[in-house]
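Read through the structure below, which is laid out as structure tokens, and then see the notes.
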Protein chains: 2
Amino acid sequence: MSQRPTLADVASAAGVSVSTASLAFSGAGPIAEATRQRVLDAAASLDYAGPNPLGRQLRSGRSGIVGVVVGDALRRSFREPVSVQLLDGLVDAISPLGLGVLLVPGSLEPGAPLVDPLVESAAMDVAVLIWGGTLDDPTLQALQRRGIPLVVVEGQDLPGIVTVGIEDRDGVADLARHLTGLGHERIATVTLPFGPDRRSGLADATRLGQITWSIARRRLDGLQDAGVEPVAIYETPASLVEHGHAAAQALLSGPAATRPTAVVAQSDLLASGVVLGARELGLRVPEDVSVAGFDGLDLPWLAPDVLTTVVQPITEKGAVVGRAIEALLAGDTPADEVLGVEVRLGTTTGPAPGA
Amino acid sequence: MSQRPTLADVASAAGVSVSTASLAFSGAGPIAEATRQRVLDAAASLDYAGPNPLGRQLRSGRSGIVGVVVGDALRRSFREPVSVQLLDGLVDAISPLGLGVLLVPGSLEPGAPLVDPLVESAAMDVAVLIWGGTLDDPTLQALQRRGIPLVVVEGQDLPGIVTVGIEDRDGVADLARHLTGLGHERIATVTLPFGPDRRSGLADATRLGQITWSIARRRLDGLQDAGVEPVAIYETPASLVEHGHAAAQALLSGPAATRPTAVVAQSDLLASGVVLGARELGLRVPEDVSVAGFDGLDLPWLAPDVLTTVVQPITEKGAVVGRAIEALLAGDTPADEVLGVEVRLGTTTGPAPGA
DNA sequence: GGCCCAGTTCGAATCGATTCGACCCGAGCG
DNA sequence: CGCTCGGGTCGAATCGATTCGAACTGGGCC
């Protein structure tokens, strides 16, 4: 009798059948109040803390778990604040539904055929890929094979998979128009990684053809939409302050006559690195060079400066994913969603020098 | 036949019994290679992606899930990098064991008797509280009632619960001795929250008696151990850059004769806010005021400055928690662990002015 | 007094796998 | 030639709950 008590133990202690005892806890079905109380008392005296979730799950076929594939995102921890905030919003959104978030490591090594054991065999009712995902991704394939409904955030449209994204292309275009409106003509850009190979440095035409992660592609295309042909494209291996800093060194060291007058970074972390790098080169922001980012984080360490950026509704993204999950579990097939973004003017952009 | 196939379907398709089919997948027990292959082929042709985890879990009594109670930590997302990095280390540590991390929201409101539904009824084999936890915490109590083994990180010692912590008291003491060695005599300190009421401002003796979160207490005591009696204690509502900034305004605005010559912050984020605030007041760091932190994060936005701080092994902490979990699941009762820390000298501390 | 109905309670099947002991069969040995 | 041994397979019980239909109970009504 060292085992934890089961519903059967409680039932016999209360002098009722197992089915009645179950009713007392689940509340599904009619039960006399007196009986219910007797069962609850028996449970209390046995230290029974409620029905074992495993039994319930097997019966219902539902685990109540949403697997979130975090890829490298979590590994880069607070350095990838967008992912973490999304995770936060998602937890908030699905927690009231009684669902929990299970962290699932993504691909172990780039290009490796292996996936984390959890991908193969953890119980989950739905899975979310928060960092995009291409059709040939082994993690995505394994989940599809298991028949687990998927929601992909910030990925390209995939057939038969629900996607949630933002209008980042339009947002960057708006931002670019803001800059051209200020008279900027030599605009450089600092991008997110092109793909799993995560290179760093100036990208030429060949390299531009090798973009596999669509997020970098879309944000580049936004510039084109606004008629901006960047004078330089600097690719970074990750969205980190230090890579933005390095980009600034590479892009802004030349003479004023040819130096870009504005830099558009594809993330706020990169942008803040560019600001710091520019200052270090003795350039004033925004008098000598304007800098803009993407995401809309608050960056207290830039204070009193405020970054000009494209604000995306990260928390709402989590909520939207939550709703998609709810629909999937109800058997519906929710529509893809694309959330709007908004340019927020800060103090890091201004008129082009000499304009 | 619209349902997903079960092991029974595979077995009958392969012309073997269910038990044999189970053997083919689990590898536990003898099975002829030919038979195994036949079962696997049948599975492939039926699109059977492996045994349903729910069935397996019920039978084994194990869910393979570690519940991690994140409290406000995740909510503050990248602003609480220590928690996120710990989470990262923990995922790394237990993923090879085939265990997954389930995020469990902590107390919904301070003082509320309610706990998140997941706390009451999610399947988990072990739970981890990563932000400490006192005996009267409803989340902790609920988990104890369910008979779920607990690991508490950075909490006070609790009877019958495994704790993992660091030598933060000694670390702060070492740091304080470094400062007194440099001739500092007027040392102020900026602390983590005292408790769930999260006040902000200078703390007097009365307030100092109201510390419920032991982490702030221990790090204060470290100063005493080194014989340092702080000239001012500034309490913050959260470990954020902006609160460190505010603390600097409050502590460093006075005349040089009475102004503290050094500030010890209980976290790196607070410390970096102090540095920024000091600079804004026109003070040079470390010539006019020395600043030190705690944690050992890398703060690229302070570059080229490097914070003097007490480095704690965050990732290793995750690994240690992982080992404790492993031991608990094996039925052992692992010992409490206290990890060492190390003072790392940076560029933000120097000789006391005039010394 | 008999019948019917609403309100409760109960038995048994079910979810999908694992596992233990029984059983079968062929090979090796006496 | 018969017996034993052991590898391989199978049946059935089991994990802990939910759920559906059947059965039982007592009260009200004719």
Side-chain angles (χ1 to χ4, degrees), chain A residues 1-40 42-43 46-64 98 120-125 146-147, chain B residues 1-40 42-43 46-64 98 120-125 146-147:
Chain A
M1 201 44 202
S2 71
Q3 297 297 336
R4 293 200 67 74
T6 74
L7 193 56
D9 298 325
V10 175
S12 76
V16 300
S17 74
V18 189
S19 15
T20 305
S22 173
L23 259 31
F25 285 101
S26 68
I31 184 172
E33 181 54 31
T35 315
R36 208 178 77 89
Q37 203 44 250
R38 198 146 40 87
V39 174
L40 262 32
L46 287 179
D47 252 340
Y48 179 78
N52 182 328
L54 263 28
R56 183 209 297 281
Q57 289 172 13
L58 173 59
R59 185 64 236 250
S60 67
R62 286 275 170 87
S63 63
E120 295 287 11
S121 60
M124 41 188 147
D125 300 335
R146 289 184 60 190
Chain B
M1 201 46 202
S2 71
Q3 297 295 339
R4 293 198 68 74
T6 74
L7 194 56
D9 299 326
V10 174
S12 76
V16 299
S17 75
V18 188
S19 16
T20 304
S22 173
L23 259 30
F25 285 101
S26 68
I31 185 172
E33 181 53 31
T35 315
R36 210 178 75 89
Q37 205 43 251
R38 197 146 41 88
V39 174
L40 263 31
L46 287 178
D47 250 340
Y48 180 78
N52 182 327
L54 263 30
R56 181 210 300 280
Q57 288 172 14
L58 173 59
R59 185 65 234 249
S60 67
R62 286 274 171 86
S63 63
E120 296 287 13
S121 59
M124 42 187 145
D125 299 336
R146 290 185 59 190

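A, B, ... follow the sequence lines: proteins, then strands. Residue 1 opens every chain. All values reported here derive from a predicted model rather than from experimental measurement.
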Problem - Atom pair CG/CZ of B:D47 and B:R4 - distance to nearest 0.5 Å - result: 7.0 Å
Problem - Residue pair A:Y48 / A:V10: nearest heavy atoms and the distance that separates them - result: CG-CG2, 3.5 Å
Practice task
Name the nucleic acid region contacted by A:L58, choosing base, sugar-phosphate or nothing; use a 4.0 angstrom heavy-atom cut-off, strictly under.
Solution key: base
Handout entry: Nearest heavy atoms of B:P53 and A:S121, plus distance in Å
Key = CB-O, 3.4 Å
Handout entry: Nucleotide range of DNA chain C lying under 4.0 Å from chain B heavy atoms
Key = C:dG16 to C:dT19
Practice task
Kindly give the heavy-atom pair with the smallest separation between B:P5 and B:L46, and that separation in Å.
Solution key: CG-O, 3.5 Å
Exercise for the section: Please name all residues satisfying side chain to side chain donor-acceptor pair (under 3.5 Å) with A:N52, sequence neighbours left out, ordered by chain then number. Expected result: none
Practice task
Have a look at A:S60 and say if it touches a base, only the backbone sugar-phosphate, or nothing, with a 4.0 Å heavy-atom cut-off.
Solution key: nothing
Exercise for the section: Output every pair passing side-chain hydrogen bond (donor to acceptor under 3.5 Å, both in side chains) with a member in residues 55-64 of chain A, not counting sequence neighbours, ordered by first then second residue. Expected result: A:S63-A:D125
Practice task
Write out all pairs satisfying salt bridge (charged side-chain N to carboxylate O under 4.0 Å, His left out) with one or both partners inside residues 14-38 of chain A, taking only residues at least two apart or from two chains.
Solution key: A:E33-A:R36
Return all side-chain donor-acceptor pairs below 3.5 angstrom for residues 16-26 of chain B, not counting sequence neighbours, or 'none' if the list is empty.
from, atom 1, to, atom 2, distance (Å)
B:S17, OG, B:S19, N, 3.4
B:S17, OG, B:S19, OG, 3.1
B:S17, OG, B:T20, N, 3.3
B:S17, OG, B:T20, OG1, 3.1
B:S26, OG, B:S22, O, 3.2
B:S26, OG, B:A28, N, 3.2

Completion exercise
Sorted by number, residues from residues 18-30 of chain A placing a heavy atom under 4.0 Å from DNA chain C are A:S19, A:T20, A:P30
